[in-house]
Number of protein chains: 2
Amino acid sequence: MSIDGLKEIKQPNERCRVVIETIANDVRDLQLFDGVQDATILKLMRAGYDQSFPPYVTLINEGTPANFLHIVVEGMVELFAGANKREATMAVVRPVSTFILAASVRDAPYLMSARTLQRSRVLLIPSADLRAAIANDNRFAMNVLNELAGCYRSMVRHAKNLKLRNTRERVAAYLLRQSRLLGNAPGFILPVEKRLLASYMGMTPENLSRALKSLAEDGCKIDGQRIIITDRAKFEALAALSPWLDGPDPEASQAGVSLPLPETDL
Amino acid sequence: MSIDGLKEIKQPNERCRVVIETIANDVRDLQLFDGVQDATILKLMRAGYDQSFPPYVTLINEGTPANFLHIVVEGMVELFAGANKREATMAVVRPVSTFILAASVRDAPYLMSARTLQRSRVLLIPSADLRAAIANDNRFAMNVLNELAGCYRSMVRHAKNLKLRNTRERVAAYLLRQSRLLGNAPGFILPVEKRLLASYMGMTPENLSRALKSLAEDGCKIDGQRIIITDRAKFEALAALSPWLDGPDPEASQAGVSLPLPETDL
DNA sequence: TCGGATAATTGATAAATGTCAATCGATGGG
DNA sequence: CCCATCGATTGACATTTATCAATTATCCGA
């Protein structure tokens with residue numbers, strides 16, 4: 001099931017009204033729209049479609065033209081890429097965030113596919129309208145620029161991580177980074193299935209499983225989805241986070257190319 | 001030797017004149033400046049410094065503030081990142097291209113270090129002036145946006161490549177891609193040292209060496225720096241290029257995150 | 001509450017990749 | 001022209017990672 005049929009929706013204005021009334025505030029809070037005049041946002045909303053999808057529906061196939069900028073309003077969306085009969089998770093996006101901004105801006109084919117992981121509500125802004133808004137509203141252009149620069153930096157970090165760390169180091173760094181994002185929480189719950197986590201970090205589920213287990217003796221215990229840092233000093237020494245690889249930096253918190261924040265209710 | 005001392009250069013205006021007279025045309029040809037009014041470009045040039053560096057000089061240390069946008073005018077510059085006592089080449093930039101645009105735009109620390117590989121001439125534009133130009137000139141802002149989107153997409157490809165292909169596949173894909181960029185040239189000369197190539201593709205030099213050797217039986221012979229595709233059909237079947245991983249796409253030709261084009265004078 | 005499906009784990013093994021050391025080869029300076 | 005240096009290659013070996021198969025755990029719907 002693809003969303004190409006969307007273009008045939010007959011009553012965009014009705015849909016638009018729904019959008020504006022129910023989610024405009026969430027969307028407006030996006031950094032992307034910070035300080036942007038209402039006229040620009042309204043025009044984008046009016047051009048957009050508000051759609052809900054069941055879990056595990058493909059929204060985008062890589063290689064197709066980027067007709068829409070997507071904004072996740074509810075649910076959870078996985079970005080992934082395939083080749084050689086393999087598949088790799090590139091990011092998991094949670095509300096409220098945009099995804100695949102770059103393809104829309106450049107009017108180029110999507111480089112990633114997207115599928116819902118849960119029932120999800122997605123706002124679809126035609127790329128042409130997006131580009132028009134960028135051209136007409138300087139403030140909006142600046143925001144898009146900033147967002148894209150953040151996405152880029154996030155992807156640089158991802159690539160560095162892949163090239164400079166082995167499996168165990170990537171896992172340790174990921175866990176400690178998550179804890180730090182939660183204010184040095186001593187424990188948290190993994191935000192996504194482990195197979196997704198493994199794919200995101202470029203390893204097999206089996207390998208991730210063993211790596212997680214092996215971290216017990218270095219200060220981080222795993223119990224199902226639950227992560228407990230038992231010896232922070234030891235674990236931090238092992239993970240050896242670096243600011244230029246792991247943040248903290250503004251862009252790290254964006255959904256650019258990352259996984260969702262975990263929950264901390266242990 | 002770092003370039004921090006640059007800020008103390010006493011006669012920026014003299015330097016500026018040199019810049020404008022001798023290299024303005026090359027620089028003006030950058031997509032970044034396409035259609036941009038002269039006033040904007042002149043202002044940037046006037047604010048910039050024109051510097052030459054010997055080979056193997058560090059221009060940027062990752063983690064330091066992004067005070068300058070860099071434009072390589074002559075020579076060759078390597079972008080790399082380090083962690084865990086390891087080091088990874090992220091890109092090799094050749095004239096005329098900018099590098100580390102994202103950090104300058106966001107006023108954030110560099111995520112990559114840079115060093116010259118040859119005697120190089122680099123134009124340094126203070127990031128503050130860059131941001132001012134973006135804010136004041138809408139066309140320039142659009143160009144920067146496009147450039148950044150291209151860099152992002154190039155980095156997405158790089159990450160996909162790392163996650164979806166093994167060593168041999170990455171090597172084969174790289175070689176075939178280079179040939180294709182040269183109009184399906186049957187042979188070419190590697191544009192950088194093999195150790196850089198290996199590091200760029202996330203493998204050891206030894207591993208690259210063996211991979212290259214093993215490709216002989218699949219239609220691609222290696223002789224020192226010289227690459228000869230002996231059986232194109234066979235080699236293409238092996239490499240299995242995908243448009244969403246390997247282009248062709250406008251951004252692929254940009255220096256965003258790649259290696260230079262090889263030479264084809266066999 | 002019970003199955004059935006799917007994810008996670010574990011063990012055994014194979015394959016890929018990295019490391020170390022030695023040698024070869026090209027290149028540039030004295 | 002020779003030597004010193006550094007990159008490339010090769011072999012032997014260690015380590016990491018993937019694969020395959022079997023089992024266990026977990027979640028969801030009937």
Side-chain angles (χ1 to χ4, degrees), chain A residues 54-56 76 78 80 83-89 92 115-119 161-173 175 189-216 218 221-227 238 259, chain B residues 54-56 76 78 80 83-89 92 115 117-119 161-173 175 189-216 218 221-227 238:
Chain A
Y56 298 103
M76 183 144 72
E78 178 194 5
F80 63 101
N84 287 335
K85 296 161 194 163
R86 266 164 280 183
E87 210 176 88
T89 300
V92 173
R115 67 165 80 97
T116 57
L117 292 176
Q118 309 171 347
R119 171 166 191 76
N161 206 28
L162 290 170
K163 288 209 259 193
L164 292 168
R165 287 180 169 141
N166 62 24
T167 291
R168 199 152 180 275
E169 292 166 336
R170 290 205 292 279
V171 173
L175 294 177
I189 296 176
L190 290 176
V192 295
E193 289 174 347
K194 287 190 185 138
R195 69 191 174 86
L196 282 188
L197 190 53
S199 179
Y200 176 69
M201 296 198 288
M203 61 190 71
T204 60
E206 294 95 328
N207 201 359
L208 171 62
S209 187
R210 285 184 251 263
L212 283 172
K213 197 171 163 188
S214 81
L215 289 177
D218 291 290
K221 221 169 118 289
I222 281 82
D223 173 27
Q225 296 275 100
R226 213 176 304 268
I227 307 291
L238 175 83
L259 298 183
Chain B
Y56 298 104
M76 182 145 72
E78 178 193 5
F80 64 100
N84 286 335
K85 296 165 197 163
R86 266 164 282 183
E87 208 176 271
T89 300
V92 172
R115 67 165 80 97
L117 292 177
Q118 309 170 347
R119 170 164 190 78
N161 206 29
L162 290 170
K163 288 208 259 193
L164 292 168
R165 287 180 169 141
N166 62 25
T167 290
R168 200 153 179 274
E169 293 166 335
R170 289 204 293 281
V171 174
L175 294 178
I189 295 177
L190 290 176
V192 295
E193 288 174 348
K194 286 190 184 138
R195 70 193 174 86
L196 282 187
L197 190 53
S199 179
Y200 176 69
M201 296 198 288
M203 61 191 71
T204 59
E206 295 94 330
N207 202 359
L208 171 62
S209 188
R210 286 184 251 263
L212 283 172
K213 196 171 163 188
S214 82
L215 290 177
D218 291 289
K221 221 169 118 289
I222 282 82
D223 172 28
Q225 296 274 100
R226 213 176 304 268
I227 307 290
L238 175 84

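Labels below follow one simple rule: chain letters A, B, ... track the order of the sequence lines, proteins then strands, and each chain is numbered from 1.
- Contact annotation: the side chain of B:Leu208 never approaches that of B:Arg195 to less than 4.5 Å [non-hydrogen atoms, C-beta and beyond].
- When rounded to the nearest whole Å, the span between NZ of B:Lys85 and C1' of C:dT19 equals 15 Å.
- Across the protein-nucleic acid pair, A:Asp223 atom CG and C:dA8 atom C1' stand 13 Å apart, rounded to whole Å.
- Reading DNA chain D from its 5' end, the first and the last nucleotide to sit under 4.0 Å from a heavy atom of chain A are D:dT17 to D:dC20.
- Considering only side-chain N and O atoms, B:Thr204 lies under 4.0 angstrom from the phosphate OP1 or OP2 of C:dG18.
- Atom CD in B:Glu87 sits roughly 16 Å away from atom P in C:dG18 (whole-Å rounding).
- Taking the side chain as every heavy atom from C-beta outward, B:Val171 and B:Arg168 never approach each other to under 4.5 Å.
- Across all non-hydrogen atoms, the minimal contact from B:Arg165 to B:Arg170 is O-NH1, 2.7 Å.
- Using a 4.5 Å heavy-atom cutoff, the side chains of A:Glu78 and A:Val192 are not in contact.
- Between A:Leu215 and A:Leu175 the shortest heavy-atom distance is CD1-CD1, 3.8 Å.
- Residues B:Thr167 and B:Ala211 approach most closely at CG2-CB, 4.0 Å, considering heavy atoms.
- Rounded to the nearest 0.5 angstrom, B:Lys163 NZ and A:Met201 CE are separated by 9.5 Å.
- Atom CD of B:Glu193 and atom P of C:dA26 are 15 Å apart (whole Å).
- B:Met201 places its CE atom 12 Å from the P atom of C:dG18, with the value rounded to the nearest Å.
- In terms of heavy atoms, A:Pro55 sits closest to A:Leu117 at CB-O, 3.9 Å.
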Short N/O separations, protein against nucleotides 11-16 of chain C, under 3.5 angstrom:
| unit_1 | atom_1 | unit_2 | atom_2 | d |
| --- | --- | --- | --- | --- |
| C:dG11 | N7 | A:Arg210 | NH1 | 2.9 |
| C:dG11 | O6 | A:Arg210 | NH2 | 3.2 |
| C:dA12 | N6 | A:Arg210 | NH2 | 3.4 |

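- Across all their heavy atoms, A:Asn166 and B:Arg86 have their closest contact at N-NH1, 4.1 Å.
- Atom CG in A:Asn207 sits about 13 Å away from atom C1' in C:dT10, given to the nearest Å.
- Mapping A:Gln225 and A:Met203 onto DNA chain D by nearest heavy atom places A:Met203 closer to the 5' end of the strand.
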